[in-house]
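What you are looking at is a predicted structure, and each value in this text was computed from that prediction instead of being measured. What's counted below: heavy atoms across the whole structure, side chains too, no hydrogens, waters or symmetry copies. The first residue of the sequence shown is numbered 1, and numbering continues consecutively from there.
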Amino acid sequence: MPPKKQVAAEKKVQLGRPSNNLKIGIVGLPNVGKSSFFNVLSETDLGKAANFPYATINPEEARIPVPDARFEWLCETYKPVSRVPAFLTCIDIAGLTAGASTGAGLGNSFLSHVRAVDGIFQVVRAFDDAEVIHVEGDVDPLRDMEIIQRELQLKDIEWVEKALEASRKLGRSLGTSSLAGRQRAEEIATQERILKLLKEDGKDVRKGDWNNKEIDVVNSLSLLTAKPVTYLVNLSERDYVRKKNKWLAKIKAWIDEHNTGDPLIPFSVALEERLLPLSAEEKEEEQKKIGATSALGKITHAGYTSLDLIRYFTCGPDEVRAWTIRQGTKAPQAAGVIHSDFENKFVCGEIMSYEDLKEYGSEGGVKAAGKLRQQGKPYEMVDGDIAYWKSGG
């Protein structure tokens with residue numbers, strides 16, 4: 001009797017929009033350094049940095065190059081005419097305040113801006129400065145994080161309750177005997193679970209244990225607390241350089257208790273602003289002198305990774321380019337980010353890994369070592385793949 005075929009494990013559906021063009025929003029209370037952070041991250045003056053609440057009203061957007069040593073090495077190797085790195089699209093969103101979920105301040109407008117992004121950089125203020133007012137009166141990052149989490153959860157509760165009411169109404173008209181009625185009943189059950197997680201358990205939706213069908217329901221609701229969060233703790237330059245701050249351990253403990261696994265990155269807007277106008281040589285010299293380095297590259301990379309984004313490369317004398325795709329993307333869809341014809345008329349891809357190219361020194365060396373692979377439609381792209389696509393006429 002032949003052995004039974006093993007059933008492949010069901011691939012986990014990702015929370016969030018099924019897209020390669022994802023955006024991350026900078027969120028926090030007013031006057032915690034959001035717009036100043038956006039300005040140094042984007043090397044622009046788009047964000048309105050000011051010492052009063054609601055200095056930013058309409059969100060600003062910038063594309064931030066993602067630092068990648070592999071991309072730099074490929075450019076050195078191919079010496080292309082054009083070099084195009086991977087980018088992270090970043091949005092500067094105005095400050096949220098207590099009561100935003102009910103429309104306080106400019107809450108409804110701001111929360112709609114948060115809903116439009118796919119991930120969150122949450123800027124938390126842990127520096128004292130009498131000249132920079134705090135909307136709550138004093139500096140307390142734990143209170144600030146509680147406010148942000150609660151406001152996002154309250155808005156999600158409102159949206160889920162509205163969706164649940166509409167689903168129940170439709171469910172009654174469909175009954176339970178039809179397929180559509182049974183599907184609607186499953187959707188209602190998932191919406192009830194989401195509501196319980198938010199309302200009774202006080203947890204963010206991304207921390208729920210969802211199966212694929214449930215994730216489809218979660219994604220259809222575009223919930224604020226389903227988005228990945230990276231906590232950015234804004235320190236004074238002095239605290240950042242000496243790696244000490246009275247709030248850091250407490251912030252880490254809060255994250256571990258409320259949102260286990262979410263990344264925390266300390267940084268200093270004050271230091272980043274001071275480094276920004278310096279030349280590359282001056283910047284390197286200053287960082288050596290103070291014994292601390294800019295955190296912007298680390299932050300950009302963390303945001304990119306939080307969105308489950310990876311990149312593959314196309315290389316040649318004309319251009320070296322990094323193409324952004326979601327983790328788990330198959331070869332035809334990866335080719336399609338260059339041009340839809342590459343996906344629609346996909347034949348195969350010639351793939352080599354960055355590691356192999358670096359080890360063997362040239363494409364010829366990779367081919368001679370038998371490391372150049374032809375991959376078909378089922379192939380799932382790996383971060384750092386170098387691809388040449390073949391498509392039909």
Donor-acceptor pair, Asp383 side chain versus Arg311 backbone, under 3.5 Å? yes

Can you check whether Ser236's main-chain N or O pairs, donor with acceptor, with Asp239's side chain at less than 3.5 Å? no

More than 12 non-hydrogen atoms from neighbouring residues, nucleotides or ligands closer than 6.0 Å to CD on Glu161, yes or no? yes

Ion pair present between Glu359 and Lys371, side-chain N to carboxylate O less than 4.0 angstrom? no

In plain terms, say whether Asp140 and Lys250 are close enough for a salt bridge, that is, a side-chain N and a carboxylate O under 4.0 Å apart. no

Assess whether a salt bridge exists between Glu187 and Arg184, defined as any Lys/Arg side-chain N lying under 4.0 Å from an Asp/Glu carboxylate O. yes

Do Val205 and Trp210 have side-chain heavy atoms sitting under 4.5 Å apart? yes

Taking the side chain as every heavy atom from C-beta outward, state whether Ile91 and Glu60 have any atom pair closer than 4.5 Å. no

Can a donor-acceptor pair be found, under 3.5 Å and without considering hydrogens, that links the side chain of Gln14 to the backbone of Gln327? yes

Taking it one step at a time, do Ser294 and Leu271 satisfy side-chain contact (heavy atoms from CB on, under 4.5 Å)? CA-CA 8 Å; Ser294 167; Leu271 173 62; over 6 Å; no

Using the side-chain contact (heavy atoms from CB on, under 4.5 Å) rule, take Arg70 and Lys358 through it: C-alpha gap first, then chi angles, then the decisive distance, then the call. CA-CA 9 Å; Arg70 300 171 302 181; Lys358 194 167 184 186; over 6 Å; no

Can you give me the closest heavy-atom contact between Ser391 and Val347, atom names plus distance? C-CG2, 3.6 Å

Grouping I, L, V, M, F, W and Y whenever their side-chain heavy atoms are under 4.5 Å apart, do Leu309 and Phe313 come out in a common cluster? no

Verify, without hydrogens or angle tests, whether Thr329 (side chain) and Arg326 (backbone) share a donor-acceptor contact under 3.5 angstrom. yes

Quick check on Arg238: does its CZ atom have over 12 non-hydrogen neighbours (other residues, nucleotides or ligands) under 6.0 Å away? no

Closest approach of Pro266 to Leu235 (non-hydrogen atoms, all atoms of both residues): CB-CD1, 3.9 Å

Decide, yes or no, whether a salt bridge links Asp201 with Lys196 under the criterion of side-chain N to carboxylate O below 4.0 Å. yes

Main chain of Leu276, side chain of Glu43: is a donor-acceptor contact present, judged purely on distance under 3.5 Å? no

My understanding is that only one of Thr225, Asp262, Asn259 makes a side chain to side chain donor-acceptor pair (under 3.5 Å) with Lys207; could you say which? Asp262

Output yes when a side-chain donor or acceptor of Asn211 lies under 3.5 Å from a complementary backbone atom of Lys213, and no otherwise. yes

Of the non-hydrogen atoms in Val233 and Ala126, which two are nearest, and what is the gap between them? CG1-CB, 3.7 Å

Ile93 and Lys34, any side-chain heavy atoms less than 4.5 Å apart: no

Pair Lys283-Glu286, salt bridge (Lys or Arg N to Asp or Glu O under 4.0 Å): steps then yes or no: CA-CA 5 Å; Lys283 193 176 290 188; Glu286 181 62 20; over 6 Å; no

Shared hydrophobic cluster, Ile386 / Phe346 (ILVMFWY, side-chain heavy atoms < 4.5 Å): no

If you apply the rule side-chain contact (heavy atoms from CB on, under 4.5 Å), what do you find for Arg115 with Trp159, and how did you get there? CA-CA 11 Å; Arg115 198 177 198 183; Trp159 286 334; 3.4 Å; yes

May I ask you to check whether over 12 heavy atoms, not counting those of Lys199, lie within 6.0 Å of atom NZ? no

Looking at every non-hydrogen atom in both residues, tell me the closest pair between Leu278 and Glu282 and how far apart they are. CA-OE1, 3.6 Å

Side chains of Glu237 and Glu273, heavy atoms from C-beta outward: is any pair under 4.5 Å? no

If you measure from CD on Glu61 to SG on Cys90, what distance do you get to the nearest 0.5 Å? 9.0 Å

Has Ser340 got a side-chain atom pairing as donor or acceptor with Gly336's backbone, closer than 3.5 angstrom? no

Would you find a donor on one side and an acceptor on the other, under 3.5 Å apart, between the side chain of Gln153 and the backbone of Gly202? yes

Tell me whether the guanidinium CZ or amine NZ of Arg125 lies under 6.0 angstrom from the six-membered ring centre of Phe127 and within 45° of its axis. yes

Arg182 with Glu186: basic N within carboxylate O range, under 4.0 Å: no

For the atom pair NZ (Lys330) and NZ (Lys377), what is the distance rounded to the nearest 0.5 Å? 12.0 Å

Distance-minimising heavy-atom pair for Ser36 and Val269: CB-CG1, 3.5 Å

Student check: side-chain heavy atoms of Val32 and Val124 closer than 4.5 Å: no

Does a side chain donor of either Asp68 or Tyr304 reach within less than 3.5 Å of an acceptor in the other side chain? no

Would a distance-only check, ignoring hydrogens and angles, find a side-chain to backbone donor-acceptor pair under 3.5 Å from Asn219 to Gly16? yes

Check for a donor-acceptor pair, side chain of Asp385 on one end and backbone N or O of Ala387 on the other, with a separation under 3.5 Å. no

Does a side-chain heavy-atom distance below 4.5 Å link Ile188 with Leu164? yes

Can a salt bridge be assigned to the pair Lys169 and Glu165 using a cut-off of 4.0 Å between side-chain N and carboxylate O? no

Check the pair Glu72, Arg83 against side-chain contact (heavy atoms from CB on, under 4.5 Å), reporting the backbone distance first and the verdict last. CA-CA 9 Å; Glu72 298 301 330; Arg83 356 173 339 147; 2.8 Å; yes

Are Ile148 and Val139 in one and the same hydrophobic cluster, where Ile, Leu, Val, Met, Phe, Trp and Tyr link if side-chain heavy atoms are under 4.5 Å apart? yes

Can you name the nearest heavy-atom pair linking Ile215 to Val13, along with the distance? CD1-O, 3.1 Å

For a 4.5 angstrom cut-off between non-hydrogen side-chain atoms, does Glu363 reach Tyr78? yes

Do the side chains of Lys227 and Asp156 get close enough for a salt bridge, i.e. N-O under 4.0 angstrom? no

Less than 4.5 Å apart, any side-chain heavy atom of Leu170 and any of Ser167? no

When hydrophobic residues are tied together by side-chain contacts of less than 4.5 Å, even through go-betweens, does Val320 share a cluster with Val337? no

Under a 4.5 Å side-chain heavy-atom rule over Ile, Leu, Val, Met, Phe, Trp and Tyr, are Phe71 and Tyr388 clustered together? yes

Consider ring pair (Phe, Tyr, Trp, His ring centres under 6.0 Å). Of Tyr312, Tyr379, Phe342, Trp323, which one does Trp389 pass it with? Tyr312

Just by distance, no angles: are the side chains of Asn20 and Thr324 close enough, under 3.5 Å, to form a donor-acceptor pair? no

